[in-house]
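Some notes on the structure that comes next.
Atom set for the values below is all heavy atoms of this structure, side chains included, hydrogens, waters and symmetry mates excluded. Predicted model only: the values in this text are computed from it and were never measured. The chains referred to below are lettered A, B, ... by the order of the sequence lines, with proteins before strands, and numbering in each begins at 1.
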Amino acid sequence: MLTREEWLPLARKLDWDYSYVREDEVFPEVISGRPWLPHSEWKDWEESFKTSYREYVDNQYEKDMAVQAVHDAVGRIENVEKLALPWLNSLKVHAAALPLAEFTGVVGNLRGARFGRDSAWRTMATFGALDEYRHTQIPLLLFHPLLRLDSQFDWAHKFYHTNNWFAVAARHFFDELTVGQNAIEFHIATNVVLETGFTNLQFVGLASLARESSDHMFERMVTSIQTDEARHAQIGHPVLATVMKHDPKYAQYLVDKWFWRNWRLFSILTGLSIDYLTALEQRPYSFKEFMEEWIIDQFLRTLDEFGLEKPWYWDLLLDELDIYHHMIYASAYSYRATLWFNFVIPGPAERKWLRQKYPKYWDDMDAVWEQISERWRTVGPGPANEFAVHGTAMPTFCDLCQLPLSAGTPRKNTARVLVHEGRKYIFCSEPCQWIFLREPERYASHTDIVKRVLSGEAPAQLPNLLTEYFNLTPDTWGKDVHNGDYEWLGARKDSAA
Amino acid sequence: MVITSGSELEKTLPLSLLGPTFMPVPLYGFLQGDTVGLLILADDGDTLEALARKLQAAASLRVAARDPLRVVYHDKIMDPAMTVAQAGFEALDRFDVLSGSK
C-alpha cells in the first residue's frame, strides 16, 4: 500500500506526450487561454493544498453533515422568523445572488478541468467544480423553502432568470467571469482575485455579521463554503505565476480588470449588508474597515508575491471605499420597488455611526437621507404611501458594469460619455471605460436597461417595467421595512414643531 | 397600484406617446447633491432653465430644491435662456445641474 505522499504525485501527474494529435488541438488557445505555451512550461504546475479523491469525499461528507446538523437545530422557519428585519433582508440579497452564481462557477471549473494545461490543475479544477455544485445546492436547499415565510425568498431561484436590473448586472459579471471564459483568465480572475480576495467579504465578513445577528444557520453555511474556497482558490496562483513569467503585462491587465469588476459587484452585495442591513449594535466593523483589513491588505500582499504593480486606479478605489456603496444604497432605497428585498432608512443613531466611520463625504449623504426622511414626514407612514417616497424618473446605468451611475460623490458624479464606432456609451467611472476600451468586441453589443427602454424592448411605464420586465409583483417588490413608520421620524417632527 | 401622480416617468415616456411636433432628446442628467444620474427626456425647444427644473423635480426625493440653477454642458456653464436645440444637445449626452449659491 502506498503512503499518501507516495500516492499523490502518482495520482496528480497524468499527462503524456501526444503523438496522434497536436497539443494546440487538444488545448486550443481560444478556450485554454493565453499565453499559449507548450506543456513543458506547465508541467511543474503545483497546487499548495493537495488532496486525494478519498480525502475530498470524506471531508465534504463531514462538512455537509455539520451543515445539516445546524440546519436541523436552528435553521427552521421559526428560527428565521426571530431574526431582525433588516438582516432578514440581507439574507434575501444573498439568497438570490449566491446559488446560481456558484453554479456558473461549476461551468468555469469544468472548463479548467478539461482545458487546464496540466493534469494536476485539471484534477483540482474537477474538485473545484464539485465544490461549486455544493455551493449551489446548499443555499438553494436552505433558502428556497423560506418562501413559505416570505415570498421574496422566491428569488433564491428566480433572480438570474429575470431582467431585473441587478440581475442584468450580475449576469453580465458572472457570464464573463465564469461561463464564457477561457481557462487561464477564469482561474486568475476567479481564484486569485475573487476567491482569494472578495469572497472573504462574503464568507468571513458575513459569517461574522451572521453570528452577531444570531443567524447561526447562515454563519455555518458560509463558513462551510469558505473552507472549500480556501482550497480551490489555490488553483489560480500557479496559473498566475506562469502567466507572469511569460506575459507580465497581460497578467497585470487581468488582475487590474478583475479587481475592479469584483469591487463593483461586491461593494454592493456586502457593503449594503454590513453598513445598512445589520442592526447597529450587531455591526462589529464598518464595510470600509473590513475591506481595508481583509481585502486591501491581502490583495497588496498577493500583488507583492507575484511582482505585480498596484492597479493604476488604486487611489480612486481607496476613495470609493468612503462613498460608492453609500451612493448605491441611497439610490436603491429611492428605487426600492425595482428590487426583491426591503430597505431600512438609517436613523439618527445609524447616521451618527456612519458619520464616524465615513467622515470624508458623510455630510453630503446625510443631506440625502434628511431629504428622504422629510418626504416620509410630509406624506406620513404606511404602505399606501410607499410610492410617494419613491423615485419616478428613470435611473441610469453603466454600459460596462450595468450598475447605476452612482460613482463619484454627490457633488461630482464621475459618469463619462464615450462615442465608440458611432455609438454612444456611458460609464460610471474611468476604470469601467478603460475595461470597455481594452476589449470593446466583448462588451459593445450589450444594451443596458435605459437603452432597452428607449428602444421599446423594455416597458417605459414603471408598473409595467416592474412586473413585466423585472418579474416583480406587489408582494415581492421592495418596500421600506417599516413603511416609513420610524419612531425617530415622528419624534423629530414633534420636536421641530 | 397607483404610482405617484405627476410621475416624471409617466410624463416623459414612452416616446411613442409624444406629440408629432415634439422632438424628444433623451439625456443623462446629474444634479449636484444627488446619488444617481437620471434619464431626462427633454424637448428640443425647452430652455436650459426648464431642463434644469425637470431634473430638479425628478431628483426631489433625494435633493432639496435650491436656487439658482446652472446647467453645465461640456464643462461650460450655459446660458439658461438657450434652448436644448440651440445649445447643441444630442441624444444621450450628459449634462449637469449645479444648484444654490457658488
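Within the 4.5 angstrom heavy-atom criterion, only side-chain atoms of A:I426, from C-beta onward, approach chain B. Neither the backbone nor the side chain of B:A59 comes within contact range of chain A; no heavy atoms are under 4.5 Å apart. Looking at B:V36, the atoms closer than 4.5 Å to chain A (heavy atoms on both sides) sit in the backbone and in the side chain alike. For A:Y335, the part lying near chain B is the side chain, with the backbone staying farther off; criterion is any non-hydrogen pair under 4.5 Å. With a threshold of 4.5 angstrom between heavy atoms, A:V368 approaches chain B through its backbone and through its side chain. Residue B:L98: no heavy atom, backbone or side chain, is found under 4.5 Å from chain A.
Put simply, the side chain of B:R62 never gets that close to the backbone of A:A330: no donor and acceptor are under 3.5 Å apart. When atom types are taken as modelled, the side chain of A:S331 and the backbone of B:T35 share a donor-acceptor pair closer than 3.5 angstrom.
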Subject >> Full working for side chain to side chain contact (heavy atoms under 4.5 Å, CB included) between B:L92 and A:K451 >> reply: CA-CA 10 Å; B:L92 302 179; A:K451 294 185 184 74; 3.9 Å; yes
- Task: Please test B:L39 against A:V453 for side chain to side chain contact (heavy atoms under 4.5 Å, CB included), starting from the C-alpha separation and ending with a verdict.
- Result: CA-CA 11 Å; B:L39 182 71; A:V453 168; 5.5 Å; no
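Note that CG of B:L38 and OG1 of A:T392 are 8.5 Å apart. Values are rounded to the nearest 0.5 Å. Between the CG atom of A:N413 and the CZ atom of B:F30 there is a distance of 4.5 Å, given to the nearest 0.5 Å.
When all heavy atoms are compared, the tightest approach of A:R416 to B:R94 is N-NH1, 4.5 Å. Between A:Q371 and B:S60, the shortest heavy-atom distance links the atoms NE2-O, 2.9 Å.
Other residues, nucleotides and ligands contribute more than 12 heavy atoms inside 6.0 Å of the CZ atom of A:R423.
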